[in-house]
Amino acid sequence: MASSSSSSSGTASPCGACRFLRRKCTHDCIFAPYFGSEQGPAKFAAVHKVFGASNVSKLLLQIPPHDRPEAVATIAYEAQARIQDPVYGCVAHIFTLQQQVAFLQAQLMEARAHLAQNAVTSHNNIENIFESAQIMMNMQENTKQKGVFFPSLS
């Protein structure tokens, strides 16, 4: 699809919200900065279906301009979540993520315990090897003093 003009005066195409609502997009359109002409209509459709264009417009007018992009992103996310899960919305996503965090924390604790056990076992093995080597060296020295020779350890 080629991009089209919204009027014969040569203005740019309407924002996604105005395109979805089939109305003329004015220069002071509250939706234009947040719902572009390309992907905006689909994004705005969910927002309009869940919250209504008028409600979102009123809400955005009450929010300081520097906070609006984040508010629109949040509203759009919640709208998509409500369409997928009308009862819980994004709370279902949060709950799923909390369960994943709890599961991964349990796995991490288990891995740390396993590593700690391996470290203790390795330390004990190294001590045993060191003690065995010392015993062998002592035995070699004792036998050298008595005149009996063993092959060297190296």
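Hydrogens, waters and symmetry mates play no part in the numbers below; they use all other heavy atoms, side chains included. All of these numbers come straight from a predicted model, not from anything done at the bench. Count residues from 1 along the sequence.
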Non-neighbouring partners of His66 that pass side chain to side chain donor-acceptor pair (under 3.5 Å), sequence neighbours left out: none
Tell me, please, which residues at least two apart from Phe95 pass ring-ring contact (aromatic ring centres under 6.0 Å, His included). none
Quick one: salt bridge (charged side-chain N to carboxylate O under 4.0 Å, His left out) partners of Arg68, sequence neighbours excluded? none
According to side chain to side chain contact (heavy atoms under 4.5 Å, CB included), who are the partners of Asp28, at least two apart in sequence or on a separate chain? Thr26
Side-chain contact test, heavy atoms from C-beta onward, threshold under 4.5 Å: evaluate it for Val101 versus Gln98 and give yes or no. no
Got a second to check how far Phe35's CZ is from Cys25's SG, nearest 0.5 Å? 12.0 Å
Counting only heavy atoms not in Glu70 (residues, nucleotides, ligands), do more than 12 fall under 6.0 Å from its CD? no
Kindly list each side-chain donor-acceptor pair under 3.5 angstrom involving residues 83-90, sequence neighbours excluded, with atom names and distances?
| from | atom 1 | to | atom 2 | distance (Å) |
| --- | --- | --- | --- | --- |
| Asp85 | OD1 | Val87 | N | 3.4 |
| Asp85 | OD1 | Tyr88 | N | 3.3 |

Straight-line distance of Gln107 CD to Glu110 CD, nearest 0.5 Å: 7.0 Å
Determine all donor-acceptor pairs shorter than 3.5 Å in which one atom belongs to a side chain in residues 53-64; sequence neighbours excluded.
| from | atom 1 | to | atom 2 | distance (Å) |
| --- | --- | --- | --- | --- |
| Asn55 | ND2 | Phe51 | O | 2.9 |

For Phe20 and His48, work out which heavy atoms get closest and say how close. CE2-CD2, 3.4 Å
